[in-house]
Amino acid sequence: MTIHAMPETATHKALSGRVALITGSTSGIGLGVARALAAAGADVVLNGLGAGDEIAALQADLRAEHGVKVLYSGADLSDAAAIEDMMAMSVAAFGRVDILVNNAGIQFVSPLESFPPARWHAVLAVNLTAAFHTTRLALPGMRERGFGRIINVASAHGLVASPFKAAYVAAKHGLIGLTKVTALEAAEADITCNAICPGYVWTPLVERQIDDQAIAHGVPRDAVVRDILLAQQPNKRFATVEQLSALALFLATPEAGSITGAALPMDGGWTAH
Ligand code: NAD
């Protein structure tokens with residue numbers, strides 16, 4: 001069988017004229033997704049924490065490389081009013097948000113009995129409640145235009161649990177629940193909502209966890225990687241930011257229009273256990 005490649009222009013500019021807002025896109029998976037959507041022709045709104053000069057350089061880089069418009073919001077996603085400002089700013093600048101990627105996330109690792117309540121609230125706020133706010137604010141415009149793509153970066157921890165991650169596991173399970181409700185409510189308006197569930201991906205978030213887990217379990221860093229992080233991942237490899245970005249890009253295209261309400265694992269077989 002002969003498989004014909006898509007013409008370059010068609011694949012590269014599949015999202016021309018679209019506007020994508022990606023939370024937590026100054027680092028890791030979110031940055032990779034922003035790059036992939038910009039490469040496909042979407043104007044992008046970046047969000048996340050970080051040094052001003054590095055973020056300005058990132059914006060300039062995306063503009064120069066892909067010829068798209070790039071905006072940045074420094075909204076703290078644990079603050080509902082800041083999220084409202086970010087969404088309003090995006091619509092004021094670009095007229096709309098067609099693709100919403102709820103990616104920002106934080107982690108805190110601790111046994112349940114000593115889990116600090118303030119950390120519980122912080123993890124729930126950024127990983128779950130922020131997606132509720134961005135989604136409720138993006139939906140009316142998507143409905144008006146009869147098109148929308150909402151992609152929630154959940155986790156294998158949205159499907160199964162691990163010890164010491166009470167807040168994160170609860171938030172990611174909640175995010176998959178929010179994904180399903182959003183999908184059901186918006187389906188007829190050609191708005192899809194799906195969750196991506198990565199296993200371990202080598203990013204700054206995981207880098208920080210190695211130290212936290214080493215303390216929690218009382219073992220060295222290399223033992224954390226081998227015996228704890230990748231213990232559940234049958235292929236024994238970290239997924240890559242590029243693999244995650246390719247899946248997010250596909251979900252944003254018209255070809256993915258019938259995929260909605262799904263929680264798609266990219267976890268090397270972890271959740272097949
Ligand atoms: P990362 O730490 O590299 O990036 C997180 C992003 O979120 C950064 O841009 C950061 O600035 C932003 N952020 C954090 N707190 C914020 C706040 N209060 N307001 C605004 N922005 C904030 O992490 P990552 O590994 O790229 O993770 C991205 C997403 O993928 C997260 O939701 C994470 O839970 C999920 N995930 C990651 C892995 C992995 O192995 N790396 C696995 C499963 C799921």
Side-chain angles (χ1 to χ4, degrees), residues 21-36 44-52 54-55 58-59 72-87 101-109 118-119 121-131 133-134 151-162 165 167-176 178-179 195-213 224-225 228-233 237-245 247-248 263-268 270-271:
L21 186 154
I22 307 103
T23 69
S25 44
T26 53
S27 170
I29 296 169
L31 176 54
V33 172
R35 284 192 196 284
V44 294
V45 183
L46 302 175
N47 156 259
L49 314 175
E54 286 175 20
I55 293 168
L58 177 60
Q59 286 180 264
Y72 166 71
S73 161
D76 175 352
L77 295 181
S78 58
D79 177 348
I83 295 174
E84 292 195 8
D85 289 346
M86 173 178 75
M87 300 302 287
V101 184
N102 289 306
N103 164 79
I106 55 173
Q107 174 64 281
F108 191 79
V109 178
R119 294 291 192 164
H121 288 300
V123 171
L124 267 287
V126 175
N127 294 45
L128 176 58
T129 307
H133 289 302
T134 55
I151 300 162
N152 293 328
V153 180
S155 169
H157 280 125
L159 299 166
V160 295
S162 295
K165 296 185 175 177
Y168 187 83
V169 169
K172 294 300 190 182
H173 275 69
L175 186 58
I176 291 178
L178 176 66
T179 301
I196 297 178
C197 302
Y200 280 101
V201 189
W202 193 278
T203 68
L205 181 137
V206 165
E207 182 63 38
R208 287 190 293 275
Q209 271 187 70
I210 295 173
D211 294 323
D212 292 345
Q213 292 264 21
V224 170
V225 172
I228 299 173
L229 296 192
L230 296 182
Q232 303 292 340
Q233 209 150 296
R237 289 192 301 277
F238 287 94
T240 66
V241 166
E242 289 71 23
Q243 289 169 342
L244 267 298
S245 305
L247 178 55
L264 302 165
M266 189 180 274
D267 63 5
W270 176 349
T271 54

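Numbering of residues begins at 1 and proceeds along the displayed sequence. Counting starts at 1 for both ligands and their atoms, following the listed order.
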Review point. Do any N or O atoms from the side chain of Thr23 and from the backbone of Ala104 form a donor-acceptor pair under 3.5 angstrom?
Key: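 Yes, because the side chain of Thr23 sits within donor-acceptor range (under 3.5 Å) of the backbone of Ala104.
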Review point. Can any side-chain N or O of Asn103 pair as donor or acceptor with the backbone N or O of Val153 at less than 3.5 Å?
Key: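 Looks like no, no N/O pair under 3.5 Å.
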So which atom in [X] and which in [Y] form the shortest heavy-atom distance, rounded to 0.1 Å?
X: Ala125; Y: Ser78; answer: CB-CB, 3.9 Å
X: Ser155; Y: Lys172; answer: CB-CG, 3.9 Å
X: Val169; Y: Ala161; answer: CG1-CB, 3.9 Å

Exercise for review: Give the ring-plane orientation class for Trp270 versus Tyr200, where under 30° counts as parallel, over 60° as perpendicular and anything between as tilted.
Suggested key: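 Judged by the thresholds at 30° and 60°, the geometry between Trp270 and Tyr200 is parallel.
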Between ligand 1 and the protein, give all atom pairs where both partners are nitrogen or oxygen and the distance is under 3.5 Å, as lines of names plus distance to 0.1 Å.
unit_1: ligand 1; atom_1: 2 (O); unit_2: Arg208; atom_2: NH2; d: 2.9
unit_1: ligand 1; atom_1: 3 (O); unit_2: Ser27; atom_2: OG; d: 2.6
unit_1: ligand 1; atom_1: 9 (O); unit_2: Gly24; atom_2: O; d: 3.2
unit_1: ligand 1; atom_1: 9 (O); unit_2: Thr26; atom_2: N; d: 3.4
unit_1: ligand 1; atom_1: 9 (O); unit_2: Thr26; atom_2: OG1; d: 2.8
unit_1: ligand 1; atom_1: 11 (O); unit_2: Thr26; atom_2: OG1; d: 3.4
unit_1: ligand 1; atom_1: 11 (O); unit_2: Leu49; atom_2: N; d: 2.8
unit_1: ligand 1; atom_1: 18 (N); unit_2: Asp76; atom_2: OD1; d: 3.0
unit_1: ligand 1; atom_1: 19 (N); unit_2: Leu77; atom_2: N; d: 2.9
unit_1: ligand 1; atom_1: 25 (O); unit_2: Thr203; atom_2: OG1; d: 2.3
unit_1: ligand 1; atom_1: 26 (O); unit_2: Ile29; atom_2: N; d: 2.8
unit_1: ligand 1; atom_1: 32 (O); unit_2: Asn103; atom_2: O; d: 2.7
unit_1: ligand 1; atom_1: 32 (O); unit_2: Lys172; atom_2: NZ; d: 2.9
unit_1: ligand 1; atom_1: 34 (O); unit_2: Tyr168; atom_2: OH; d: 2.5
unit_1: ligand 1; atom_1: 34 (O); unit_2: Lys172; atom_2: NZ; d: 3.0
unit_1: ligand 1; atom_1: 40 (O); unit_2: Val201; atom_2: N; d: 2.6
unit_1: ligand 1; atom_1: 40 (O); unit_2: Val201; atom_2: O; d: 3.0
unit_1: ligand 1; atom_1: 41 (N); unit_2: Val201; atom_2: O; d: 3.0
unit_1: ligand 1; atom_1: 41 (N); unit_2: Thr203; atom_2: OG1; d: 3.0

